[in-house]
Novice: 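Submitted below is the structure of interest, expressed as structure tokens.
All values derive from a computational prediction rather than experimental measurement.
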Amino acid sequence: MKRDIITILLAFVSVASQAQTKVNIHGICEPDAKYIGICKNMDGSGGQDSVAVTNGKWEYMKELPADVYTLSFISYVKAKQPKQEDVITVMADSIPTEIDLTTGTVKGSKASEAMNATWKELFASMKNENGLAAAQQMRKAVLDNTDSMLPVVFVPMGLYQGLTYSELKKVFRPGVPYENHPAMQEAKAHMSKMQEEYQKERQSQTARAIGNKFTDIAMNDTTGRERRLSEWCGKGRYVLIDFWASWCGPCRAEMPNVTACYEKYHAKGLDIVAISFDTNKDAWLRAINTMEMPWVHLSDLAGWNSLGATTYDIKGIPANILLDGEGNIIDIDLRDYMLEEKLAEIFGE
């Protein structure tokens, strides 16, 4: 994401619609507050509103145009000297939501809870001038809430440029509520371009092209013992060669999915050989331990000069190669639901 974090906070896009959304939001605030201020869409495009407070409690029930997809709340006590962290932003959906403006907590739809957590991370990143955690939180919020309008808030703001092809496929899977939303067209065009590149990669003549036999390489395992891919590949079991690094945020974010697939299919014929692009052995071993990755781990601790990277022409991680029992490459770069779908197809789930 190349845009300034403040631009991301403010640049919300809304599109007119005739449909209505009934919202039911209630909460608590300071006992001396008399009103709660409400902004419909963070850029104010949906207008502003307010509700009265009675003994520290308030309720907001209204029919809103469908182009209002976020609501931001602040008590007028804090609004006199407002701080960014005093603003609570949730989704304008039909699921009843409870907001505690004294603690900044939200209970309601999964998307609203994710939206609140994301804004908190964004505000924190503005203070410490580090947008990495905020970008990771936005990515997680989007991928976990593709059944809501939440992706329309963040994807058009440049987040799509940091998503992989498989992640974009998940964002734009058929039937999502924002499928034809005009604000998402640039991201969809970006995905189409990535799809063309992905198909070219699948048909390329590199060592990881689909249909090729795996290329054997030797690297050390976690004990320092030299091992070869041929110890596992081409021995009758399916093998996922997984390229990653302890310092790679997206790799770590993907690891719970890899772990779940390993636990589900290992007994049925799946092995994983992980090749790390680390340079620090302690960090590599610590990550394996922390994330509980019970499969084979190899590395020459050479970073991007790793034999794994140069042999298999790996330009970015996470990346992977799936081999059949004869050691033939049958697919590449399977992430998130794509990995699970492919393995389910293989093992008949």
Novice: Would you check if there is a donor-acceptor pair between the side chains of Arg173 and Thr146 at a distance under 3.5 Å?
Specialist: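 Yes, because at least one side-chain N or O of Thr146 sits under 3.5 Å from a partner of the opposite role on Arg173.
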Novice: Please step through side chain to side chain contact (heavy atoms under 4.5 Å, CB included) for the pair Gln48 and Ile38, ending with a clear verdict.
Specialist: CA-CA 6 Å; Gln48 298 185 4; Ile38 303 160; over 6 Å; no
Novice: Same hydrophobic cluster for Met61 and Val68, using side-chain heavy-atom links shorter than 4.5 Å among ILVMFWY?
Specialist: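 They do not share one cluster, since no chain of ILVMFWY contacts under 4.5 Å joins Met61 to Val68.
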Novice: With rounding to the nearest 0.5 angstrom, report the CE to CG distance, Met338 to Asn320.
Specialist: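 Going from CE on Met338 over to CG on Asn320, the span is 9.5 Å.
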Novice: Hey, can you tell me if Trp304 and Trp247 have their rings parallel, tilted or perpendicular (30° and 60° cut-offs)?
Specialist: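 Ring orientation, 0 to 90° scale: tilted.
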Novice: So, taking the atom named CD1 in Ile88 and the one named OG1 in Thr97, what distance separates them when rounded to the nearest 0.5 Å?
Specialist: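 Ile88 CD1 to Thr97 OG1: 12.5 Å, rounded to 0.5 Å.
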Novice: According to a 4.5 Å side-chain heavy-atom criterion applied to Ile, Leu, Val, Met, Phe, Trp and Tyr, with indirect links allowed, do Leu159 and Met194 form part of one hydrophobic cluster?
Specialist: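 Per the 4.5 Å side-chain linkage, Leu159 and Met194 are co-clustered.
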Novice: So, Lys170 side chain and Leu143 main chain: donor-acceptor pair closer than 3.5 Å or not?
Specialist: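 Flag set: sc Lys170 to bb Leu143 pair under 3.5 Å.
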Novice: Let me see the working for Cys29 and Phe73 under side chain to side chain contact (heavy atoms under 4.5 Å, CB included), right down to the final yes or no.
Specialist: CA-CA 11 Å; Cys29 60; Phe73 296 82; over 6 Å; no
Novice: Holding to side chain to side chain donor-acceptor pair (under 3.5 Å), I want the full list of residues that pass it with Asn116, two or more places apart in sequence or in another chain.
Specialist: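 With neighbours one apart ignored, the set is empty.
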Novice: Under a 4.5 Å cut-off applied to non-hydrogen side-chain atoms, are Asp147 and Val176 in contact?
Specialist: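 Asp147 does not reach Val176 side chain to side chain.
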Novice: So if I apply the ring-ring contact (aromatic ring centres under 6.0 Å, His included) rule between Trp295 and each of Tyr262, Tyr265, Trp244, which one comes out positive?
Specialist: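 Option passing the ring-ring contact (aromatic ring centres under 6.0 Å, His included) with Trp295: Tyr262.
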Novice: How long is the gap from OG on Ser276 to CH2 on Trp284, to the nearest 0.5 Å?
Specialist: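 Output value for this atom pair is 6.5 Å.
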Novice: For Lys169, which residues count as a salt bridge (Lys or Arg N to Asp or Glu O under 4.0 Å) partner, sequence neighbours excluded?
Specialist: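 Partners of Lys169 under the salt bridge (Lys or Arg N to Asp or Glu O under 4.0 Å) test: none.
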Novice: Count the heavy atoms belonging to other residues, nucleotides or ligands that lie under 6.0 Å from NZ of Lys140, then report whether that count exceeds 12.
Specialist: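 Atom NZ in Lys140 is not packed in, count stays at 12 or less.
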Novice: For the CD atom on Glu292, are there more than 12 heavy atoms of other groups (residues, nucleotides or ligands in this structure) within a distance under 6.0 Å?
Specialist: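 No, the 6.0 Å shell around CD holds no more than 12 heavy atoms from other groups.
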Novice: Testing the basics here: between Glu254 and Arg335, what is the closest heavy-atom pair and its distance to 0.1 Å?
Specialist: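 What the structure gives for the nearest pair is OE2-CA, 3.5 Å.
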Novice: Report yes or no: does Glu113 contribute a side-chain atom to a donor-acceptor pair with the main-chain N or O of Gly108 at less than 3.5 Å?
Specialist: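 Yes, because the side chain of Glu113 sits within donor-acceptor range (under 3.5 Å) of the backbone of Gly108.
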Novice: Indicate, with yes or no, if Val51 and Val90 share a hydrophobic cluster defined by side-chain heavy-atom contacts under 4.5 Å among Ile, Leu, Val, Met, Phe, Trp and Tyr.
Specialist: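 In one cluster with Val90: Val51, yes.
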Novice: Could you check whether any side-chain heavy atom of Leu301 comes within less than 4.5 Å of a side-chain heavy atom of Asn280, counting everything from C-beta outward?
Specialist: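 No, their side chains stay 4.5 Å or more apart.
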Novice: Which atoms form the tightest heavy-atom contact between Ala207 and Thr311, and what is the distance?
Specialist: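 Distance-wise, the nearest heavy atoms are CB-O, 3.2 Å.
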Novice: For the residue pair Phe243 and Phe277, categorise the inter-ring angle as parallel (less than 30°), tilted (30 to 60°) or perpendicular (more than 60°).
Specialist: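 Judged by the thresholds at 30° and 60°, the geometry between Phe243 and Phe277 is tilted.
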Novice: Could you walk me through whether Ile28 and Val53 pass the side chain to side chain contact (heavy atoms under 4.5 Å, CB included) check?
Specialist: CA-CA 8 Å; Ile28 61 175; Val53 177; over 6 Å; no
Novice: Can you see whether Asp49 engages Tyr60 through a side-chain donor-acceptor pair at a distance of less than 3.5 angstrom?
Specialist: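 There is such a pair (donor and acceptor under 3.5 Å, judged by atom type) between the side chains of Asp49 and Tyr60.
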Novice: Using the side chain to side chain contact (heavy atoms under 4.5 Å, CB included) rule, pick out the option among Asp221, Leu307, Asn220 that qualifies with Leu298.
Specialist: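 Among Asp221, Leu307, Asn220, the one meeting side chain to side chain contact (heavy atoms under 4.5 Å, CB included) with Leu298 is Asp221.
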Novice: Ser109 side chain to Ser112 main-chain N or O, any donor-acceptor pair under 3.5 Å?
Specialist: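 Answer holds: yes.
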Novice: So does Val171 get a backbone contact from the side chain of Tyr178, meaning a donor-acceptor N/O pair under 3.5 Å?
Specialist: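 Yes.
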Novice: Can you list the steps and then say if Glu98 with Val106 is a side chain to side chain contact (heavy atoms under 4.5 Å, CB included)?
Specialist: CA-CA 6 Å; Glu98 178 182 313; Val106 170; over 6 Å; no
Novice: Using a 3.5 Å distance criterion without hydrogens, assess whether the side chain of Lys120 forms a donor-acceptor pair with backbone atoms of Gly104.
Specialist: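 Looks like yes, one N/O pair under 3.5 Å.
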Novice: So, does Glu121 use its side chain to make a donor-acceptor pair with the main chain of Ala117 at under 3.5 Å?
Specialist: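 It does not hold such a pair.
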Novice: Do the side chain of Lys110 and the main chain of Asp144 share a donor and acceptor less than 3.5 angstrom apart?
Specialist: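 Looks like yes, one N/O pair under 3.5 Å.
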Novice: Quick one: does any side-chain atom of Arg237 pair with a main-chain N or O of Leu270 as donor and acceptor, under 3.5 Å?
Specialist: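 Yes, because the side chain of Arg237 sits within donor-acceptor range (under 3.5 Å) of the backbone of Leu270.
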Novice: For Leu163, is there any backbone N or O sitting under 3.5 Å from a side-chain donor or acceptor partner on Arg139?
Specialist: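 A pair under 3.5 Å: no.
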Novice: Can you confirm whether the side chains of Asp278 and Ser299 place a donor and an acceptor under 3.5 Å from each other?
Specialist: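 Distance-only check fails for Asp278 and Ser299.
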Novice: For Ser72 and Thr89: C-alpha separation, side-chain torsions, deciding distance, then whether side-chain hydrogen bond (donor to acceptor under 3.5 Å, both in side chains) applies.
Specialist: CA-CA 4 Å; Ser72 297; Thr89 301; 2.8 Å; yes
Novice: For Cys261, what residues pass the disulfide (SG to SG under 2.5 Å) criterion, not counting sequence neighbours?
Specialist: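 Partners of Cys261 under the disulfide (SG to SG under 2.5 Å) test: none.
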Novice: First locate atom OG1 of Thr259, then atom CD1 of Ile272, and finally report the distance between them rounded to the nearest 0.5 Å.
Specialist: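 Rounded to the nearest 0.5 Å, the OG1-CD1 separation comes to 7.5 Å.
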Novice: Heavy atoms, side chains only, cut-off 4.5 Å: are Trp232 and Leu323 in contact?
Specialist: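 Heavy-atom side-chain distance check fails, nothing below 4.5 Å.
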Novice: Got a sec, which residues hit side chain to side chain donor-acceptor pair (under 3.5 Å) with Ser148, two or more places apart in sequence or on another chain?
Specialist: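 Expected list: none.
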Novice: Which residue in the set Leu322, Asp333, Leu334, Asp242 passes side chain to side chain contact (heavy atoms under 4.5 Å, CB included) when paired with Leu339?
Specialist: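 The residue from Leu322, Asp333, Leu334, Asp242 that satisfies side chain to side chain contact (heavy atoms under 4.5 Å, CB included) with Leu339 turns out to be Leu334.
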Novice: When you compare the side chain of Lys34 with that of Ser75, does any pair of heavy atoms fall below 4.5 Å?
Specialist: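 Not touching, per the 4.5 Å side-chain cut-off.
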Novice: Measuring centre to centre across the rings, with the benzene-like ring taken for any Trp, is Tyr160 within less than 6.0 Å of Phe154?
Specialist: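 No; Phe154 has its ring centre 6.0 Å or more from that of Tyr160.
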Novice: Among all residues two or more places apart in sequence or in another chain, which pass the side chain to side chain contact (heavy atoms under 4.5 Å, CB included) test with Asn328?
Specialist: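 Result, side chain to side chain contact (heavy atoms under 4.5 Å, CB included) vs Asn328: Lys213, Asp324, Glu326.
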Novice: Counting distance only, does the side-chain N/O of His297 pair as donor-acceptor with the main-chain N or O of Met293 below 3.5 Å?
Specialist: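 Pair found, side chain donor or acceptor close to backbone of Met293.
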Novice: Closest heavy-atom contact between Val152 and Ala183?
Specialist: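 Scanning both residues completely, I find the closest heavy atoms to be CG1-CB, 4.3 Å.
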Novice: Kindly write out the residues that satisfy salt bridge (Lys or Arg N to Asp or Glu O under 4.0 Å) with Glu231, not counting sequence neighbours, or none if the list is empty.
Specialist: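 Result, salt bridge (Lys or Arg N to Asp or Glu O under 4.0 Å) vs Glu231: Arg227.
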Novice: How many angstroms lie between CD1 in Ile321 and OH in Tyr312, if you round to the nearest 0.5 Å?
Specialist: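 Separation between the atoms: 5.5 Å.
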Novice: Answer yes or no: is there a side-chain heavy-atom contact under 4.5 Å between Trp119 and Met138?
Specialist: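 No, too far: nothing below the 4.5 Å cut-off.
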Novice: Taking atom types as modelled, is there a side-chain donor on Thr21 or Ser94 under 3.5 Å from an acceptor on the other?
Specialist: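 No, no side-chain donor-acceptor pair sits under 3.5 Å.
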